[in-house]
Amino acid sequence: MSMNLLRLLRRRTGSAPVARERLQILLAHERGLRSQPDLLGILREEILAVVSRHVVLDPEKVVVRMDRGEVVSTLEVDIEVPNSFDKKMAVA
Amino acid sequence: MAKVLVVTSGKGGVGKTTSTAALGAALAQQGEKVVVVDFDVGLRNLDLIMGAERRVVFDLINVAQGVAKLSQALIRDKRLENLWLLPASQTRDKDALTEEGVRDIIADLRTRFDWVICDSPAGIERGATLAMRYADEAVVVTNPEVSSVRDADRIIGMLDSKTVKAEKGEQLKKHVLITRYDTGRAARGEMLNIDDILEILAIPLLGIIPESQDVLKASNVGSPVTLNDATSMPARAYTDAARRLSGETVTMMVPTEQRKGFMDRLFGRRAA
């Protein structure tokens with residue numbers, strides 16, 4: 001019921017307001033990038049570099065998610081570290 | 001004093017070449033001496049839109065490399081005697097164009113013409129940066145569509161940083177030209193409207209070109225829109241835009257939707 005109502009309202013206003021809002025958020029971000037380095041990109045690369053100094057990274061086991069918001073952006077780095085890691089380090 | 005104008009967009013297919021030809025012809029019709037220069041090396045099309053494809057002997061690269069003289073490569077329009085074309089090369093070697101080569105050609109063209117209009121290739125690579133490199137003014141072409149507006153914003157950033165004018169700390173004049181605009185769809189909220197685009201890009205509006213069959217008709221026959229049918233809606237919009245480029249104040253016409261009557265709707269398809 002409420003979905004139908006939403007759809008009805010959306011049809012009346014059209015998709016242009018959504019386009020406008022998406023563009024404004026995206027461009028605010030991209031314009032920032034032009035003057036300063038891509039912080040999230042640098043963090044992602046350096047984090048992966050540090051980890052790969054200690055562990056052989058399997059690209060399949062690394063998940064990087066970025067979400068660029070208007071006020072806050074998040075960087076999520078999910079690395080699967082094999083359990084054999086501790087033993088190897090102990091030997092070394 | 002000659003003006004070098006780059007017509008650019010970032011995104012392909014938004015109407016750079018159509019706009020270059022139409023604005024160039026409109027300025028020539030207003031008595032200015034104009035050359036339109038195709039910078040799309042490897043994928044030249046301005047010759048086709050101008051209807052001069054069978055008259056190309058030498059091109060931009062030949063001149064840049066000293067194989068031909070500028071006067072040999074320039075093609076005079078058959079309809080307007082003060083409109084000229086400098087075609088791009090069909091060879092695939094994009095690197096054939098050097099910054100120095102372009103600089104010298106633009107400097108030479110400045111002495112011969114009132115307007116040097118550079119038709120930029122799509123993208124943000126070498127060809128596009130060279131086309132804008134020596135510009136005094138820029139026309140940023142965009143459609144009322146998100147990807148096109150995003151790329152236009154990117155190009156505006158490049159105009160403000162990668163041109164000689166910007167490097168000298170001078171102001172490069174930028175205008176936005178909105179093409180393929182459909183007033184009805186914008187009014188219904190189905191398409192970004194003029195205010196949305198201007199608010200996002202924050203540069204002055206040069207003109208609004210309506211979505212129209214006349215644009216395709218003109219390109220089919222190899223004639224700039226403003227020459228093919230001067231009374232058509234897009235031709236009038238381009239002519240007004242050209243007058244604004246010349247410094248005239250012209251009231252902005254928002255193309256109105258042509259209301260179709262019942263009979264038109266009924267027979268519209270057949271009566272094309």
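Residue numbering restarts at 1 for every chain, and letters A, B, ... go by the order of the sequence lines.
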With rounding to the nearest 0.5 angstrom, report the [atom1] to [atom2] distance, [X] to [Y].
X        : Y        : atom1 : atom2 : answer
A:Arg31  : B:Ile156 : CZ    : CD1   : 7.5 Å
A:Leu23  : B:Asp153 : CG    : CG    : 8.5 Å
B:Arg188 : A:Ser15  : CZ    : OG    : 11.5 Å

Could you check whether atom [atom1] of [X] has more than 12 heavy atoms from other residues, nucleotides or ligands sitting under 6.0 Å from it?
X        : atom1 : answer
B:Arg133 : CZ    : yes
B:Met252 : CE    : yes
B:Lys162 : NZ    : no
B:Glu167 : CD    : yes
A:Glu21  : CD    : no

Which atom pair, heavy atoms only, marks the closest approach of [X] to [Y]?
X        : Y        : answer
A:Pro17  : B:Gly189 : CD-O, 4.0 Å
A:Ala19  : B:Leu192 : CB-CD2, 3.9 Å
B:Asp196 : A:Arg20  : OD1-NH1, 2.5 Å

Quiz prompt | Part of B:Glu145 lying under 4.5 Å from any heavy atom of chain A | solution =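 It is neither, since no heavy atom gets under 4.5 Å.
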
